[in-house]
Amino acid sequence: MPQPRVIYWFRTDLRLHDSPALKAALDLKPEFMYPIWTWDPHYVYHARVGSNRWQFLLDCQNDLSKSITKLNPKSKLFLIREAPQTLFPKLFKEWKITHLVYEKDTDAYGRDRDNKVNEIAKEAGVEVITRYGRTLYDSDELVEKNNNKPTMSISQVQAAGAKIGGIPRPVSSPKSLPDPGPTKLSFTQQRPASSPDINAIQRDAEEKSYTSLAGPNGDFAVPSMEELGLKPATTSHRGGETIGLKMLDEIIENEDYTATFEKPKTAPTAFEPQATTLLSPHMHFGSVSCREFYWRVQDVVSKYKGKASKPPVSLTGQLLFRDMYFGAQAALGYAFGQTYNNPQCRFIPWHLPSEIDTKTGLITGKYLVDNAEAEIHFKRWKEGRTGFPWIDALMRQLKLEGWIHHLGRHAVACFLTRGGCYIDWERGAEVFEEWLIDHEAACNIGNWQWLSCTAFFAQFFRCYSPVAFPQKWDKEGEFIRRYVPELKDFDKKYIYEPWKAPIVDQKKWGCLVKGDGSEGAGGATQTYPKPMFDFATQRDICLQGMKNAYHIGLYGNDPKVLDGTWRKLFDDHAEGPTEGTNGPPGAMVKHEDENAEGNGAESDNQETPTAPKDSKKRNGKIGTKEKNEHKRQASQSTLDSMVTRKKKKA
DNA sequence: CCTAGTGTTGCCGTT
DNA sequence: CAACGGCAACACTAG
C-alpha cells in the first residue's frame, strides 16, 4: 500500500478551523497533500455573482492560502483553472493521487457535480472521502429523521435534530500540514464554454479565468479582480477566515449581546455598526464554521447569569433556520428553487413569471413580461427608485454593500411580491443572488418563499408598510439620509413620505419630489421620484389576489399548474394581480389548448373552485429523483439573462 | 376526527 | 407609553 497522496478539495469551506473533512484528510497521514480549488465555470459564468461577492471569495482564498503557507511554507491553496469534471481525471493521473477529500454539498448543482466527480474518482481508483461541516446537522440525515420530508418549520428541525442527537463540537485546527508533492501539469487545459455568460455585466474588461491551468504566472495564485475583468467591488465588508474569526471573537466577548440576542428586536435601520453579526457571508464561504459559531454562543448562554434568549429568536436559532432551509433544499433538489413542480410551494399567478423549459421542467432564467407596468415596477424596485425612501434606501444599500439587515430583506421582499408589486418571488431572488455577499441559495430561496407566503409562512395579511415599519426603529430617518442622500435635509415628518412635503419645503430642503427617477443626475436641482403607486391601494389589490390564490389552493406540482390549465380557475374581473385567462400568458408554460376549450366564458360561471382542502393531498413524497435528473442551465436560484441582456443593449 | 393554541420580527386604533 | 384586539384568516402541532 503506497503512502496516501491526497487532494483536499476546498469549496465552500474556506477555513482551517473546525473542518471535519480536512481532519479526515490529515488522518490519512498523507505523504503529499494538495490543497486545491478548482475554477468552476458554474460560478464564473452561470451563477449570478456580483463584484462584491467575488471580492469576498477572493479574500477568503487569499487568506486561506496564507494560513496554509504559515503551517507549511511549501504549501498554499493551489488554484487550478479548469472545471472539476474535466480536470480531475487528468490530475489524478498526473499527481498519482490515492484519495480525494472534500466537504459535502447538498444543493442540486453541487450534488450533480460531486456525483460526476465521484464516478471519475472511482474509474481512476481514487478513494473519495467526504464529511459534512456546512450546517449544524447533516442535511440528508435531518431530512431522513423528518420522515424523509423537507424541513418546513423550525419545530420540525428541532424534532428531527433531537432524534439525531447533539450537534458536533468543533474539531481542532491542524498544527501542521503535509507537503504538496510535485505540481507539474503536463496535460492540456480544457477550457469550458463561456456561453451563456450571465456574469458579463459584472465585468468591464475581458474575463481571464482560463488563461492557463496554473494562472498567468504558473504559480496557482489567487487571481485579482482586475485579472478576472471584474468591476471593482463597492462594499467595505471583507472576507477571510482571519477576519471572520476576529468578528466572532468580538461578538462572543460581549456576553450580554450574545446571550440575549433577539432577532426581531434588532434594528434594520442600524448602520455603523449594524445590529446583527454580519457573519452570514462567512457562513456561506465557510470562513467561519457554523458549528464553531453555535458552540461559542451556546457556551456563553449556558453560563449566562441573566435571562438568555432562546430559539428561534436567539443567535443559535438563526443557525437552526439555516439548517431548516438546507433541509428543504436537500429534500427537494432543483424544484426547491422554483414554484414550478415544487410540491411545497404555493402557486400564485404573480406578474413577471418565470419561463419554463418544458423538457426539463426547470425555469430558464428568462421571464415573461405579462404586464408592462409590472416590468417598470420591477426595474424601479431593483434600482432603488420606487419613490418609497425606505425601500429605495435598502435596495441602494444592497447594491452598494452587498448586505442588508434581515428585516430590511423582509421589507423589500414583501414589497416586491405579496405586499406591493405582486411580482414573482423568483425575480426578487435573482436580484438577491446577484448582489448579496452572503447569498446562500437555500436561505435565499427559502426566505423569498417565506416572505411571499408561498411556503414556510402563510399569514399574508401581515403586510409590511414602507412608512410605518421603519419608524419603529428610526423616527429620525437617519438610515434614509445615509442611503438616499437627496432627502438628507428633509424634516423627519416627511422623511418616509417625501411626496407629502409642501413644494416650498422641498425647495428649501434642496430636492424636488417628481418624475420616476430615471432622468439621473445632472439637473440643476436634485430630484427624488414620486411613489410609483399608492401603497394602500396596491396593498389591497395584493391582499385580494392572495386571498383568491389561497382559496384556489394550487401548489407548484399541481397538474393544472404543470399544464397551464390553472388559468381556468382564476377569475379575471379583478383588476391587477389575478390575470387569469385574460391577456398574454400569465404564468408558466403556454398551453396549446388555450383556445380549444372555452376560455374566459365558462369560468365566468364560477363553479366552485378547487377547495383549499384538496391541496392537502398534494404529493409530499420526496426522493422521486427520476423526474428531476435534468441539469439546469444555470444556478439553482435562477437566472436573469433577459433583464441583463436588455440592459446591455441599452 | 376535532379543537385550541401557536407561529422568528404587521398595522392601526383604543384603552 | 404599553398592551390589546380587530383586521380577516392561514398552517401546523399537540392533545
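Lettering of chains follows the sequences in order, A, B, ..., and the numbering in each one begins at 1.
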> Under 4.0 Å between a side-chain N/O of A:R409 and OP1 or OP2 of B:dT9, yes or no?
Replying inline: no

> Within the structure, does a side-chain N or O atom of A:R462 lie under 4.0 Å from either OP1 or OP2 of B:dC11?
Replying inline: no

Reckon [X] touches a base, only the sugar-phosphate, or nothing at all at heavy-atom distances under 4.0 Å?
X      : result
A:Q156 : sugar-phosphate
A:I154 : sugar-phosphate
A:W450 : base

Quick check for you: among [options], whose closest atom lies nearest to any side-chain atom of [X]?
X      : options                : result
A:H406 : C:dC10, B:dT8, C:dT13  : B:dT8
A:S153 : B:dG10, C:dA11, C:dT13 : C:dT13
A:Q318 : C:dT13, C:dC10, B:dT8  : B:dT8
A:F321 : C:dC10, B:dT8, B:dC11  : B:dT8

> Donor-acceptor pair, A:D563 side chain versus A:T565 backbone, under 3.5 Å?
Replying inline: yes

When the [atom1] atoms of [N] and [M] are considered, how many whole Å apart are they?
N      : M     : atom1 : result
B:dT3  : C:dC7 : C1'   : 23 Å
B:dT8  : C:dA8 : C1'   : 23 Å
C:dT13 : B:dC1 : C1'   : 15 Å

Tell me the interatomic distance from [X], atom [atom1], to [N], atom [atom2], rounded to whole angstroms.
X      : N      : atom1 : atom2 : answer
A:F456 : C:dT13 : CZ    : C1'   : 17 Å
A:K547 : C:dA9  : NZ    : C1'   : 9 Å
A:K265 : B:dT9  : NZ    : C1'   : 11 Å
A:Y550 : C:dC10 : OH    : C1'   : 6 Å
A:Q544 : C:dA8  : CD    : P     : 10 Å
A:L543 : B:dG10 : CG    : P     : 14 Å
A:R539 : B:dC11 : CZ    : P     : 9 Å
A:D540 : C:dA9  : CG    : P     : 13 Å

> Would A:F461 count as stacked on C:dC7 if the rule is ring centres under 5.5 Å and plane angle under 30°?
Replying inline: no

Go ahead and name the base partner of [N]; Watson-Crick or wobble counts if both distances stay under 3.5 Å, otherwise write none.
N     : value
C:dA9 : none
C:dC1 : none
B:dT9 : none

> Is any NZ, NE, NH1 or NH2 atom of the basic residue among A:R134 and A:D13 found under 4.0 Å from an Asp or Glu carboxylate oxygen of the other?
Replying inline: no

> Going by an N to O cut-off under 4.0 Å, is there a salt bridge joining A:R15 and A:E103?
Replying inline: yes

> Quick check: are there more than 12 heavy atoms from other residues, nucleotides or ligands sitting under 6.0 Å from NZ of A:K163?
Replying inline: yes

> Without hydrogens or angle criteria, can the side chains of A:S139 and A:Q329 be said to hold a donor-acceptor pair below 3.5 Å?
Replying inline: no

>> Please report whether the ring centroid of A:W509 lies less than 6.0 Å from that of A:F490.
In response: yes

